[in-house]
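The structure appears right after this line, and notes come after that.
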2 protein chains.
Amino acid sequence: MARSGVPTRERIISAASALFYNDGIRGVSVDAVAAKAGVTKRTLYYHFRSKDDLVAAYLAARDQPNLALFRQWFAEADDGLPAQVERIFRNLARSARHPKWKGCGFLRTSAELANMPGHPAMKIGAAHKKKFEEWLRVTFEAEGIAQASQLARQILLLLDGSFAVVLLHRDPSYMETAGEAAHGLIEAALPVRAKRRSRRRR
Amino acid sequence: MARSGVPTRERIISAASALFYNDGIRGVSVDAVAAKAGVTKRTLYYHFRSKDDLVAAYLAARDQPNLALFRQWFAEADDGLPAQVERIFRNLARSARHPKWKGCGFLRTSAELANMPGHPAMKIGAAHKKKFEEWLRVTFEAEGIAQASQLARQILLLLDGSFAVVLLHRDPSYMETAGEAAHGLIEAALPVRAKRRSRRRR
DNA sequence: GTATGTATACTAGCCAGTGAATATACACAA
DNA sequence: TTGTGTATATTCACTGGCTAGTATACATAC
């Protein structure tokens, strides 16, 4: 058990999350994570088999909250598919303006561990993005879009592209550009009936 | 001077390029680069002030060849803007099928060094992507596209998105999806006159 | 004989992971 | 109530190896 109310394992993951996201996987030592969690390294190794294991736990802990946030932004208003998806990009742009923002933890980790394709963290990252893509696809299909899976892939490409480009240029306006492109692609794919409906809602 | 015909400095950059691209910046030691270049570490430090300096040289050496390749793919046939840009994506998909492919060196480096925004390598990476975007914009403008800069940004987002997504899923078909999306966006932005022209060319 | 280039050998610090011991909590027997 | 065993949780101290960078010396060329 932990000294404070939070279990030790979770405190370690929190510390790892902050440090890995900020400085990258190889930029953070296990000692640093242990110190930030207020625990000795040996305790950390009691809860996690290896650093790789800890990295996987870091990403796994980000999976659900991240998806929930996207869904929440999407559902904030029922103003039509194009606007709802565009709102995800707009909110992301707002996040990206915070000075501590450093892109998508899943993508940055996958870029750093690109030479270890079988790494558990890679699998978790891939699964996370697949879930998001699948959620988009299902959502599009429910609105009667014929090429739903194609469109979902395109939106995903715009999203992940904006993570990469904004991180490089430190210019969140690219996220708004991506949002507008997504808006346009979805609008064009919408059947006429749904288009009328979305206009009414707005 | 070097033992072989190639100057020492260039051999070091070649070795660094292969290793950094494959294993990431922090995954490669200066000793490893020196060994691969067939040179002692001290010699390496004669030619480069620091590892960061070497990283910058690695990316700088990739700037022009990379852009030239894109331009070459674009110019391989004069079959209209949408098809020409889509061909860049198709060729990229072909590259991505090689087992040694590991995404875009510029993006991966920027992801790894995200906590050092002033790092010279970040500046070189940002400048590289800006050059590509600017080349697209000028090309679009020459074809009479009104929203050329907006469209150039969208294509860039699709391109960098496909680097990220393909690296994560190891599925180059996303690059073809991105190419089709780019094709569609450009076609829609083309003035009627140019559209007819591009159809004729095909 | 000075500038360029290369090599040997070194330092000081960091890193992932471990060995051995200890502390706490709780179940169950006397 | 007290004693004892066992699983969980934690600590201190350590190792062997790697890492970026350097002090010094030697070679070669013009």
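Lettering follows sequence order; numbering is per chain, from 1.
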Original post:
Which letter, B, S or -, goes with each nucleotide of nucleotides 25-30 of chain D from 5' to 3', with contact meaning a protein heavy atom under 4.0 Å?
Top reply: ------

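Nucleic acid contact class of B:V33 (heavy atoms, under 4.0 Å, all strands): none.
Side-chain contact between A:I186 and A:E86: absent, with no pair of heavy atoms (C-beta onward) separated by less than 4.5 Å. Contact check for B:W73 versus B:L92: side-chain heavy atoms found under the 4.5 Å cut-off. Side-chain contact between A:V30 and A:Y45 is present, with heavy atoms from C-beta onward closer than 4.5 Å. Annotation: side chain of B:K130 is in contact with side chain of A:H169 (closest heavy-atom distance under 4.5 Å).
Contacts of residues 49-60 of chain B with DNA chain D (heavy atom under 4.0 Å): B:S50, B:K51.
Two residues, A:S29 and A:R42, neighbour DNA chain C, and the one matched to the more 5' nucleotide by heavy-atom proximity is A:S29.
At the phosphate of C:dA7, OP1 or OP2 sits under 4.0 Å from a side-chain N or O atom of B:T40. Note on A:Y45: a side-chain N or O is less than 4.0 Å away from OP1 or OP2 of C:dG17. Dashed line: the shortest gap from a side-chain N or O of A:T8 to OP1 or OP2 of D:dA9 is not under 4.0 Å. Contact annotation: A:H47 side-chain N/O to D:dT8 OP1/OP2 distance is not under 4.0 Å.
Checked against the 6.0 Å centroid criterion, the rings of B:W135 and B:F74 qualify as a close aromatic pair.
One interatomic measurement links the two molecules: CZ of B:R26 to P of C:dC14, which rounds to 15 Å at whole-angstrom precision. Rounded to an integer number of Å, the gap from CG of B:D23 to P of D:dT19 is 11 Å. Taking atom CD1 of residue B:I25 and atom P of nucleotide D:dT19, one finds them 14 Å apart after rounding to whole Å. Atom CG of B:D31 and atom P of C:dA7 are 14 Å apart (whole Å). A:E10 has its CD atom 12 Å from the P atom of D:dA9, to the nearest Å. Separating the CD1 atom of A:I12 from the C1' atom of D:dT10 is a distance of 10 Å, rounded to the nearest angstrom. Atom CZ of B:R9 and atom C1' of C:dT6 are 16 Å apart (whole Å). Rounded to whole angstrom, the span from the OH atom of A:Y46 across to the C1' atom of C:dA16 amounts to 20 Å.
The aromatic rings of B:W101 and B:F163 lie parallel to each other, with less than 30° between the two planes, well short of the 60° mark.
If you check D:dT8, C:dG5, C:dG17 against the side chain of A:K41, the one that comes closest is C:dG17. When distances run from any side-chain atom of A:V39 to the nucleotides D:dT11, C:dA16, C:dG5, the shortest one goes to D:dT11.
Side-chain contact of B:S14 with B:S17: a donor-acceptor pair under 3.5 Å is absent, judged by distance alone.
Using a distance-only test at 3.5 Å, with no hydrogens or angles considered, no donor-acceptor pair links the side chain of A:R153 to the main chain of B:T177. Side chain of B:H98 to backbone of B:K100: no donor-acceptor contact under 3.5 angstrom is found.
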Subject >> Intermediate values then yes/no, salt bridge (charged side-chain N to carboxylate O under 4.0 Å, His left out), A:E134 and A:K131 >> reply: CA-CA 5 Å; A:E134 181 63 9; A:K131 279 183 216 169; over 6 Å; no

